[in-house]
Amino acid sequence: MTAATSEPALIEVRGLSKRYPGVLALDDVSLGVRAGEVHVLFGENGAGKSTLISILAGANQPTAGEIRFRGEPMRLASVHDARARGISAVFQEFSLVPQMTVAENLFLGAEVTVGGLLAKRRLKRMAVEIIDRLGFPLKPNARVETLTRSEQQMVEIAKAFRAELNVLILDEPTASLTERETDQLFELVARLKAGGVGIIYITHRMQEIRRIADRITVLRDGKFVATEEAGVAEGRLIELMTGREIAELFPEVRSEIGDVRLTIADLTTARHSVDAASLDVRAGEIVGLAGLVGSGKSEVMRAAFGLERIQSGTVHLDGEDVTGRKPGEMMDRGLFYVPPDRRDEGLVMIRPVRENITLPALAEPPLAKGLGLDRRAEKRLATTLAERMELRPMRIERTVDHFSGGNQQKVLLAKCLTRETKVYVFDEPTVGVDVGTRAAIYRFIADLAERGAAVVLISSDLPEILHMSHRAIVFYRGRIRAEFEGEAITEEALLSHFFEREAA
Amino acid sequence: MKAITTFFRQPWLFAFAAAIAVWIATAAFTQGQGAGEVLSVAFTFATFFVIVAIGQMFVVTLGPGNVDLSIPATMTLAGTVSMKIMDGLNWMILPGYLIAVAVGVVVGVLNVGLIRVLRIPPIIATLSSSFIIQSAAIWYNRGLRVKPPTMLADFTTAKIAGMPILALLVILIAAVMHVVLNRTIYGRTVIAIGQNARAARLAGLEVNRVRFLTYVMCAVFAASCGYVLAGFSGGAALNMGQEYLLASVAVVVIGGTSVAGGFSNIPGLWGAALFLFLLVTMLNTFGLGAGVRLLLTGLIIIAVITLAGGSRSSER
């Protein structure tokens with residue numbers, strides 16, 4: 001194979017396999033990561049990237065194969081074991097204790113004691129040292145639950161620095177970061193590289209590969225496909241990843257724009273996350289909402305859907321005043337909100353796909369028969385929608401947590417097809433899904449608009465907004481900052497309204 | 001073939017297997033003598049366990065932190081109040097039962113009120129409400145033991161071919177509740193809330209209403225149990241609910257319901273209740289001292305829960 005071994009690898013895996021009951025998640029994978037390189041793992045959801053890094057981080061044991069660290073075979077019994085050798089991972093799901101402070105979390109499991117008591121002051125000082133070295137804007141005494149997601153990620157990264165660091169594993173670290181925070185992260189990555197740290201980096205974003213990758217290893221269906229040098233053509237990577245060619249990521253939206261469906265007027269939420277925002281959405285139109293995390297782009301639609309308390313302002317759906325109605329009532333009237341976090345708000349992970357898909361439609365005919373459920377109708381509906389979303393594998397009785405991220409997302413999207421809906425709101429619909437599924441999701445959204453639905457697309461992914469929206473609205477600190485239409489929607493135009501204005 | 005494997009994956013299987021194993025062990029010890037009677041008595045007492053456990057199971061399914069600790073007090077209050085009001089009169093049996101149900105509804109509303117309005121965690125709320133309820137029972141009853149109406153006593157102790165009529169009735173109720181859990185919007189909502197209350201809310205389900213209904217239902221089951229138990233044992237006693245606190249939780253867990261919410265099953269309640277009673281009977285038959293008996297009871301319960309839990313995690 002092409003895994004170059006001319007230079008000695010810092011960490012290397014040979015013939016690594018992992019078998020779960022009924023699935024071979026990793027199949028004889030070999031690759032090496034050199035000191036001072038950023039090695040990107042690239043592949044569709046379910047390709048085996050997560051399994052591979054969980055083994056390298058000590059969280060999972062391989063069924064076969066070996067791991068070599070500086071040429072020596074080694075066994076990583078636990079995450080702690082791996083950390084002791086300077087191998088640290090930052091997973092998408094954080095392992096932080098929300099009620100504890102930043103400093104306490106940093107040294108959780110590695111506390112320093114004096115005579116059996118915690119050396120609190122020393123721990124805090126050590127925490128400050130790490131935070132300062134990394135240049136993170138974190139307060140050591142802040143409780144983790146009060147931090148934003150990106151700040152929590154910083155804590156998670158900082159944890160890796162409490163001992164000498166040799167290998168840092170980052171699993172889609174920018175998924176919840178703003179542009180500026182991403183820049184900071186990349187600066188840090190550059191510094192670590194210079195210091196000889198080997199970095200294993202998982203991402204779906206081409207832009208990031210272009211920016212920081214030294215080598216890219218592509219996995220597909222648990223197998224090693226190829227290791228490419230930086231500068232490889234994107235088309236080639238996608239071909240390697242999917243095993244086929246993908247014509248175009250973004251579809252052309254050919255819809256006819258009709259009457260106003262949803263009108264939000266002068267809306268202010270009770271906790272002022274949104275301040276006097278007004279917008280409307282027409283039938284057949286896709287309106288993109290852009291802005292930083294916490295800028296109000298998501299909150300405004302959550303408030304309209306009845307998930308946040310409204311202080312003043314109104315929400316009208318097809319002319320009817322629906323201000324302050326509950327989510328169930330909003331769905332009855334034709335507004336459907338698809339949440340960004342499928343684990344947290346979207347899906348009941350340990351229940352079957354069938355139950356998840358039909359959850360919003362339970363209380364409605366044809367599923368509801370009096371107080372009872374028509375199980376045959378339920379099964380029929382779930383099957384139809386799962387087929388329409390091309391769920392893979394097509395097993396609706398399987399629990400959701402057994403599916404790959406992209407397929408979980410398909411289940412989440414299928415839910416909004418169970419109800420007759422006039423206005424669809426998608427909040428970060430493509431977070432953590434592979435390119436193949438992304439293309440499918442964009443096609444799905446375009447289809448809805450072409451069939452006459454009004455669509456609101458909330459996204460932190462700028463290309464998504466640029467390519468999909470008829471109109472784009474930028475939020476900043478709870479207010480609407482700017483609005484662009486058609487050709488005027490450019491990256492530059494949008495970005496110039498994202499941040500504090502230097503000089504007005 | 002597939003049907004067989006799914007059958008063996010049922011989490012309630014362990015509870016029944018354990019119950020049967022314990023029964024056989026007892027019968028072997030006595031060389032088969034009285035095995036039939038033991039089973040008949042087991043059904044009699046398991047019935048009371050199952051009545052309270054059905055309600056507790058629905059509450060536990062609501063998700064982590066949800067449990068009703070006021071069951072014993074509710075049983076006592078419903079038992080004492082209904083016995084006193086019926087005053088041994090046969091024609092009062094039905095009104096007496098309705099009074100017991102009303103007691104249950106009041107308790108349920110009180111519990112939900114504490115949980116929702118005052119935002120007290122369910123475990124504390126139901127524990128503190130049980131003090132109030134128990135005190136009410138003491139105050140109302142003043143230590144008097146009123147005999148149940150003769151027809152009620154006869155009904156609760158009646159048997160057909162060795163099988164208690166009450167047990168048959170509760171098997172029927174359990175079957176109905178099984179359907180409620182698996183085939184109604186209410187049941188599906190309980191399961192969804194237990195696993196992801198936010199997803200349930202976003203799906204437009206009535207989360208608060210369902211929580212309310214579930215706690216009230218649990219209290220009504222407890223009250224009903226207090227009513228029939230008082231009828232069965234010749235009147236209500238202030239400590240009649242005592243062993244039902246642990247029993248209700250143990251039966252739910254041994255029966256294969258996940259304490260983390262979102263997974264539950266009714267058949268397991270019957271297996272677990274029979275197992276619990278037969279286990280104590282077996283240890284009694286073996287003639288062990290009280291200390292050893294309790295120790296073994298605890299150890300065996302842990303073993304069964306571990307076995308049942310193990311089978312479930314490998315299945316997923």
Side-chain angles (χ1 to χ4, degrees), chain A residues 20-21 302 305-307 325-333 335-352 354-365 367-376 378 397-402 411-412 415-416 418-419 425 427, chain B residues 2-3 5-6 9 11 58 61-64 121 175-211 213-214 217 256-265 309-316:
Chain A
Y20 289 107
R302 292 179 74 91
F305 188 61
L307 291 171
R325 293 230 179 245
K326 288 191 281 185
E329 297 172 322
M330 295 306 296
M331 280 160 40
D332 292 342
R333 286 165 175 75
L335 178 69
F336 202 109
Y337 171 79
V338 181
D341 193 323
R342 46 181 187 264
R343 281 181 173 277
D344 194 30
E345 290 187 315
L347 298 170
V348 184
M349 301 300 288
I350 65 162
R351 301 299 307 187
R354 168 179 51 81
E355 289 184 17
N356 270 284
I357 290 181
T358 57
L359 206 55
L362 284 186
E364 297 291 308
L367 261 59
K369 281 216 172 135
L371 289 172
L373 267 179
D374 184 340
R375 302 237 283 187
R376 233 179 279 158
E378 184 193 12
E397 294 304 327
R398 222 186 193 200
T399 59
V400 174
D401 56 0
H402 273 118
V411 175
L412 182 63
K415 286 173 71 173
C416 70
T418 57
R419 302 290 297 264
V425 181
D427 199 345
Chain B
K2 200 185 164 207
T5 44
T6 29
R9 276 182 179 173
F58 274 86
T61 309
L62 283 176
V176 171
M177 294 314 287
H178 181 76
V179 173
V180 168
L181 178 69
N182 293 301
R183 307 229 163 158
T184 63
I185 297 161
Y186 165 79
R188 184 67 60 76
T189 310
V190 169
I191 291 172
I193 292 174
Q195 270 306 310
N196 194 337
R198 301 174 67 161
R201 185 158 159 250
L202 254 71
L205 299 175
E206 296 284 353
V207 175
N208 286 330
R209 188 187 299 170
V210 165
R211 277 201 182 120
L213 277 176
T214 305
M217 186 179 82
T257 293
S258 163
V259 188
F263 270 104
S264 38
N265 73 92
S311 79
R312 187 160 52 232
S313 55
S314 66
E315 166 204 338
R316 268 193 265 148

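The figures here come from the full heavy-atom set of this structure, side chains too, leaving out hydrogens, waters and symmetry mates. Residue numbering restarts at 1 for every chain, and letters A, B, ... go by the order of the sequence lines. On a predicted model such as this, the values are computed, not experimentally measured, just so you know.
Between chain B and the residues A:Lys415, A:Arg398, A:Glu378, A:Arg342, the most heavy-atom pairs under 4.5 angstrom are made by A:Glu378. With chain A as partner, the option from B:Arg201, B:Gln195, B:Arg183 having the largest number of non-hydrogen pairs under 4.5 angstrom is B:Arg183.
With a threshold of 4.5 angstrom between heavy atoms, A:Phe336 does not approach chain B through any atom at all. Contacts between A:Thr418 and chain B at a heavy-atom distance below 4.5 Å are absent for every atom of the residue. Proximity to chain B is absent for every atom of A:Arg419, based on heavy atoms less than 4.5 angstrom apart. Neither the backbone nor the side chain of A:Glu329 comes within contact range of chain B; no heavy atom of the residue lies under 4.5 Å from a heavy atom of that chain. Only the backbone of A:Leu347 has a heavy atom closer than 4.5 Å to any heavy atom of chain B.
Here the closest heavy-atom approach between residue A:Leu359 and residue B:Ala200 is recorded as CD2-CA, 4.4 Å.
Using a 4.5 Å cut-off between non-hydrogen atoms, the part of residues 203-211 of chain B that approaches chain A consists of B:Ala203, B:Gly204, B:Leu205, B:Glu206.
Under the 3.5 Å distance criterion, the side-chain polar atoms of B:Asn196 are matched with a main-chain donor or acceptor of A:Arg343.
Side-chain contact between A:Leu371 and B:Ile185 is absent, with no heavy-atom pair separated by less than 4.5 Å. At a threshold of 4.5 Å between non-hydrogen side-chain atoms, the residues A:Asp344 and B:Arg198 count as touching.
Interatomic distance, A:Arg302 CZ to B:Leu202 CG, rounded to the nearest 0.5 Å: 6.5 Å.
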